[in-house]
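Numbers here simply count residues along the sequence, with the first being 1.
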Amino acid sequence: MSIYEMYETDDDNEIGGIILNYGEGIRIKVARAGGANSNFAKAFEKATRPYRKRMDTGTLDESLANDLLIQVFAETVVKGWEGITDREGNKLNFSVDNCVKVFKDLPDLFSDVKESSMSVSNFRFEEIEEDVKN
């Protein structure tokens, strides 16, 4: 396996998104958090600029840092979803506000989406081609 096969990614998918399938019709489309998705870096910089000094000194409240990250993900990483409902089973259309609410209500889902969208392997050409075959 060459170094290119190990690390080359598809810029179109990094920006346009891939589908994370959670079964039973629940699918979340995510762009890469980083890489070719420069909107993520720009939004993160803008959201954290007022808190830079506290971040540098390690005094930024963890809850606030997580809220900022959730907001940036909802704006720049999550591109849409299918099959997401509220606690009562009512369909939730994708919007930034709904995405923020769901991620705050379900922090483990946010962790999974964050990890998946930051993983280079999910955006590699070889992985994408394998997913298409399956």
Note, [X] side chain near [Y] side chain (heavy atom, < 4.5 Å):
| X | Y | value |
| --- | --- | --- |
| L92 | T85 | no |
| Y22 | R27 | no |
| D86 | K91 | no |
| R54 | L64 | yes |
| V120 | R32 | yes |

query = Hey, is R52 close enough to E45 for a salt bridge, meaning N to O under 4.0 Å?
reply = yes
ask   = Is a salt bridge present between D105 and R87, judged by a nitrogen-to-oxygen distance below 4.0 Å?
value = yes
key: Test log, rule side-chain contact (heavy atoms from CB on, under 4.5 Å), inputs Q71 and V100   = CA-CA 6 Å; Q71 185 69 38; V100 167; 3.4 Å; yes
Closest approach of [X] to [Y] (non-hydrogen atoms, all atoms of both residues):
| X | Y | value |
| --- | --- | --- |
| M1 | E5 | CA-OE1, 3.2 Å |
| F94 | C99 | CE1-CB, 3.8 Å |
| A31 | I15 | CB-O, 3.5 Å |
| I26 | G83 | CG1-O, 3.5 Å |

Got a second to check how far [X]'s [atom1] is from [Y]'s [atom2], nearest 0.5 Å?
| X | Y | atom1 | atom2 | answer |
| --- | --- | --- | --- | --- |
| E62 | D67 | CD | CG | 11.0 Å |
| Y51 | L68 | OH | CG | 5.5 Å |
| K29 | N13 | NZ | CG | 8.5 Å |
| I18 | D12 | CD1 | CG | 13.5 Å |
| E82 | I28 | CD | CD1 | 10.5 Å |
| R124 | E14 | CZ | CD | 12.0 Å |

Would you find a donor on one side and an acceptor on the other, under 3.5 Å apart, between the side chain of [X] and the backbone of [Y]?
| X | Y | value |
| --- | --- | --- |
| S116 | V113 | no |
| N37 | T76 | yes |
| T9 | D11 | no |
| E115 | D112 | no |

message = Taking the ring centre of each residue, are F73 and F103 less than 6.0 Å apart?
response = no
[X], [Y]: one ILVMFWY side-chain cluster at the under-4.5 Å cut-off?
| X | Y | answer |
| --- | --- | --- |
| L106 | F110 | yes |
| I70 | M55 | yes |
| W81 | V96 | yes |

message = Just checking K101: does its NZ atom have more than 12 heavy atoms from other residues, nucleotides or ligands closer to it than 6.0 angstrom?
response = no
